[in-house]
Amino acid sequence: DAGVIQSPRHEVTEMGQEVTLRCKPISGHNSLFWYRQTMMRGLELLIYFNNNVPIDDSGMPEDRFSAKMPNASFSTLKIQPSEPRDSAVYFCASSFKDRHGEVGANVLTFGAGSRLTVL
Amino acid sequence: DQQVKQNSPSLSVQEGRISILNCDYTNSMFDYFLWYKKYPAEGPTFLISISSIKDKNEDGRFTVFLNKSAKHLSLHIVPSQPGDSAVYFCAASVKAAGNKLTFGGGTRVLVKP
């Protein structure tokens, strides 16, 4: 398995531009997470999906952020318009959660991250 | 409010010695705890975990200890190796609430040859 695939690995954009980050989870995983890592706040959960349905988006900072999961193998995180304070590394992670609610030991597998710089 | 805290941002240790990383949490509902390791330009990778019904879990050179009354856990690496140099994140979750992990701020470990 190629693991969790994220693109782009690096993105530099100007304030006000739209940014779209992409994620392909591990095949067979049914939970997908978007995390953001910054120096000030560390790793913070933005949103997660179970079976393509958003379950908890309380970590999404504001309406400029949106996430979708149109199918089990693809998710996007969009920022529109972007601001310099959005500069961070954005991680996507996936895991398997069975119908009884037990997770594969709650183990998330992370992608390599997308480093975003907003000028 | 940080529910999971790693108060030591960095740790330097000699190769062959023990590395001890600490983590404190405030949410008494947490019942599952994990440690992740992160190298530069890579995502965090799972290292070891422990359920709240246990107080110790060991996997090779890595041992995690849980003190529920103190809401404290620690990761011991012995012996430390240069390849262990990385950032280590403590994470916690409430299993009944799903697989949402809350992470600490990380501790950067440097193992000197």
Side-chain angles (χ1 to χ4, degrees), chain A residues 2-7 9-10 21 23-26 29-51 53-59 89-115, chain B residues 1-10 21 23-25 27 29-54 57 59 62 64 66 73 86-108:
Chain A
V4 176
I5 308 291
Q6 290 187 246
S7 65
R9 290 296 310 275
H10 302 276
L21 307 178
C23 175
K24 177 178 168 52
I26 289 175
H29 280 188
N30 56 6
S31 295
L32 183 140
F33 304 78
W34 283 100
Y35 280 85
R36 177 172 69 175
Q37 184 184 21
T38 60
M39 288 293 292
M40 292 298 294
R41 300 176 68 88
L43 267 168
E44 52 178 342
L45 177 67
L46 301 177
I47 185 171
Y48 81 95
F49 298 82
N50 277 346
N51 297 315
V53 176
I55 302 300
D56 182 351
D57 65 353
S58 59
V89 181
Y90 291 81
F91 289 102
C92 175
S94 69
S95 69
F96 177 74
K97 180 177 179 180
D98 70 22
R99 59 190 173 90
H100 299 294
E102 288 294 317
V103 180
N106 280 40
V107 176
L108 273 58
T109 302
F110 283 80
S114 294
R115 179 175 293 277
Chain B
D1 62 331
Q2 271 192 300
Q3 297 188 64
V4 180
K5 290 185 181 180
Q6 294 175 253
N7 290 318
S8 297
S10 64
L21 292 78
C23 178
D24 297 294
Y25 61 96
N27 187 344
M29 297 296 291
F30 286 144
D31 56 6
Y32 202 84
F33 305 89
L34 307 89
W35 285 93
Y36 277 77
K37 176 179 178 179
K38 184 183 181 303
Y39 291 118
E42 295 182 11
T45 56
F46 171 72
L47 193 57
I48 192 170
S49 63
I50 188 167
S51 166
S52 60
I53 61 174
K54 296 185 176 181
N57 188 28
D59 183 1
F62 302 91
V64 56
L66 175 62
L73 65 156
V87 177
Y88 290 79
F89 291 96
C90 168
S93 71
V94 179
K95 286 187 82 173
N99 40 357
K100 168 181 166 179
L101 297 183
T102 300
F103 284 86
T107 296
R108 182 177 301 277

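Letters A, B, ... mirror the listed sequences (proteins, then strands); counts begin at 1.
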Check: How long is the span from the CG atom in A:L108 to the CG atom in A:L32, to the nearest 0.5 Å?
Finding: 9.0 Å
Next item on the list: Working to the nearest 0.5 Å, report the span between CD1 of B:I53 and OH of B:Y32.
Entry: 10.0 Å
Check: Does a donor on one side chain and an acceptor on the other come within less than 3.5 Å for A:Y48 and A:S31?
Finding: no
Counting only heavy atoms closer than 4.5 Å, note whether [X] contacts chain B via side chain, backbone, both or neither.
X: A:Q6; result: neither
X: A:L43; result: both
X: A:R41; result: neither

Note to self: A:F49: which residues meet the ring-ring contact (aromatic ring centres under 6.0 Å, His included) condition with it, sequence neighbours left out?
What the structure shows: none
